[in-house]
Amino acid sequence: MSDAKSNDSFKARVYAIVAQIPEGRLMTYGDIAGYCGQAYAARVVGGLAHFGPSELPWHRVVNRFGGLASGFHGGREVQAQLLKNESVACTDYIVDDFKELRWRPTL
DNA sequence: CGAGTGACCGCAA
DNA sequence: ATTGCGGCCACTC
């Protein structure tokens with residue numbers, strides 16, 4: 001909300017955004033980090049995701065190229081399968097309409 | 001407690 | 001247009 005300054009840890013904000021990503025939608029680490037207030041903390045988003053709760057739709061989070069990242073819970077093939085399961089056209093671990101599916105959080 | 005690593009991005013030349 | 005480099009935060013061991 002209005003404050004949303006630094007009451008919660010950075011990871012809390014990242015998890016909140018990722019958890020709010022709708023189906024068929026994708027987001028990039030830089031975008032999430034940017035919406036968290038630190039566009040330079042893109043690495044943190046990835047790091048948190050590596051240890052983050054598998055309950056969050058990390059499979060909807062991709063890199064700048066719209067491709068699946070590594071270290072996903074289970075494997076990239078699983079992530080690709082999940083995206084396909086969400087009607088997301090992904091080819092060779094790369095989202096086809098990534099630029100079109102790039103979702104923007106509702107502030 | 002301290003140090004290192006990490007699924008990255010943006011910019012510059 | 002392409003390539004190379006640096007930098008920030010949090011988590012884990």
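Residue numbers start from 1 in every chain, and the chains themselves are labelled A, B, ... in the order their sequence lines are given, proteins ahead of strands.
Partners of Tyr15(A) by ring pair (Phe, Tyr, Trp, His ring centres under 6.0 Å), not counting sequence neighbours, listed by chain and number: Trp58(A).
Closest approach of Met27(A) to Ile17(A), counting heavy atoms only: SD-CG2, 4.0 Å. Shortest non-hydrogen contact noted between Glu23(A) and Glu86(A) is CB-OE1, 3.0 Å.
In this structure, the side chains of Asp31(A) and Arg102(A) come closer than 4.5 Å at one or more pairs of heavy atoms. Side-chain contact check for Glu77(A) versus Tyr93(A): some heavy-atom pair is nearer than 4.5 Å.
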How does each nucleotide of nucleotides 6-13 of chain B score, in 5' to 3' order, for protein heavy atoms under 4.0 Å: base (B), sugar-phosphate only (S), or none (-)? BBBSS---
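At least one donor-acceptor pair closer than 3.5 Å links the side chain of Asn63(A) to the backbone N or O of Phe65(A).
Counted within 6.0 Å of CZ on Phe10(A), heavy atoms from surrounding residues, nucleotides or ligands total more than 12; the atom is thus considered enclosed.
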Table of protein N/O atoms under 3.5 Å from nucleotides 2-6 of chain C N/O atoms:
none

